[in-house]
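Worksheet for the structure shown next.
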Amino acid sequence: QPAEGIIGTASLPQGLRGDYDHALADGTLPDAVLAPRSASDHATWRTLVARQRRIFPGRAASAWLEGLDRLRCDEAVPRLEDASAILRAATGWSLVPCPGLLPDAQFFGLLATRRFPVTHWIRRPEELDYIVEPDIFHDFLGHVPLLTQPDYAEFLEAYGHLGLQAEKRGQLAPLARFYWFMVEFGLIAEREGLRAYGAGILSSRTETLHALSGTPRRLEFDMARVLRSTYRIDDVQPVYFVIRDYGELFAAIGQAPKLLDAAVRADPIPPGGQGPDDRAWRG
Ligand SMILES: C[C@H](O)[C@H](O)C1=Nc2c(nc(N)[nH]c2=O)NC1
Ligand SMILES: [Fe+3]
């Protein structure tokens with residue numbers, strides 16, 4: 001059973017790519033140590049963006065697509081300071097370079113100060129379809145566009161604060177599940193139809209096609225259900241949760257303190273399993 005969520009550095013998977021030796025106490029990388037971009041890096045980036053752009057119409061959430069367009073990042077690996085200038089003006093967020101996956105405490109600490117950590121390295125050309133760890137394509141294209149949307153921006157900061165508290169109370173496993181289903185693999189019901197806003201979906205061609213296909217189950221978002229739902233990290237998701245607006249995520253954070261305790265004690269629901277009162281999303 002793949003491990004759920006990352007608790008402390010100790011459980012950071014071995015052999016992670018990325019320059020952890022030069023990482024600062026808050027998990028970020030100083031500009032001076034950042035490897036320059038090669039022509040092949042920019043070519044890999046352009047190929048990945050162009051491939052996703054072809055399947056975004058009718059699948060990607062409108063606020064996310066507007067954010068992507070505002071970031072003007074189709075032609076080359078983006079410079080974080082350029083994107084940060086746009087984000088600061090929109091929602092006060094900014095981007096910081098990091099070596100890769102960070103221990104939860106550092107990760108939550110950055111989110112709580114409206115700084116989103118973006119992995120510096122980019123996958124190799126022969127890894128276009130799948131990589132295990134997040135690279136700059138997943139972190140930037142997947143997570144950054146929606147940081148221009150005020151409700152979502154407010155929610156992710158609140159999630160950071162909640163994460164710092166939850167760590168003290170040993171409630172990280174259910175909170176990692178919330179991040180997985182509602183930040184990485186979230187769907188939203190828009191007037192024009194069902195759309196994806198999750199970073200793990202929109203940065204993967206396979207998952208984008210699968211999430212909006214007839215195959216997976218889709219349930220109405222329910223915080224208590226999500227906090228009990230375990231997941232596989234090495235395959236497309238069998239079940240997704242659907243929100244109706246980004247304000248629902250911020251409201252759920254408000255509910256979390258009382259639900260986290262119950263979730264820690266409750267039996268986890270296996271990936272793709274049945275919940276006690278699942279409400280299928282009927283569109
Ligand atoms: C918090 C979340 O559940 C998950 O464990 C983590 N995600 C990330 C992380 N670190 C980075 N850089 N990016 C993530 O998405 N550390 C922990
Ligand atoms: Fe991610």
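Just follow the structure's listing: the first ligand is 1, and inside any ligand the first atom is 1.
Applying the salt bridge (Lys or Arg N to Asp or Glu O under 4.0 Å) test between Asp74 and each of Arg46, Arg53, Arg51 identifies Arg53 as the sole match. When each of Trp64, Tyr197, Phe155 is tested with Tyr246 by the rule ring-ring contact (aromatic ring centres under 6.0 Å, His included), just one qualifies, namely Tyr197.
Atom NE2 is the N/O/S atom of His143 found closest to the Fe ion (ligand 2).
The distance criterion of under 3.5 Å between nitrogen or oxygen atoms is not met by Pro134 with respect to ligand 1. Checked by distance only, ligand 1 and Phe108 stay at 3.5 Å or farther apart across all their nitrogen or oxygen atoms.
Between Arg123 and His138 the shortest heavy-atom distance is NH2-N, 4.0 Å. For the residue pair Asp26 and Gln106, the shortest heavy atom distance occurs at O-CB, 4.0 Å.
Val118 places none of its side-chain heavy atoms less than 4.5 Å from the side chain of Cys98. Side-chain contact between Pro78 and Trp45 is present, with heavy atoms from C-beta onward closer than 4.5 Å.
When each atom of ligand 1 is checked for a heavy atom of Tyr179 under 4.0 Å away, the hits are 2 (C), 3 (O), 15 (O).
The Fe ion (ligand 2) has an N, O or S atom of Glu184 closer than 2.8 Å.
Between atom 13 (N) of ligand 1 and the options Tyr159, Phe107, Phe178, the minimum heavy-atom separation is to Phe107.
The closest approach between Gly100 and ligand 1 falls below 4.0 Å for a heavy atom of the residue.
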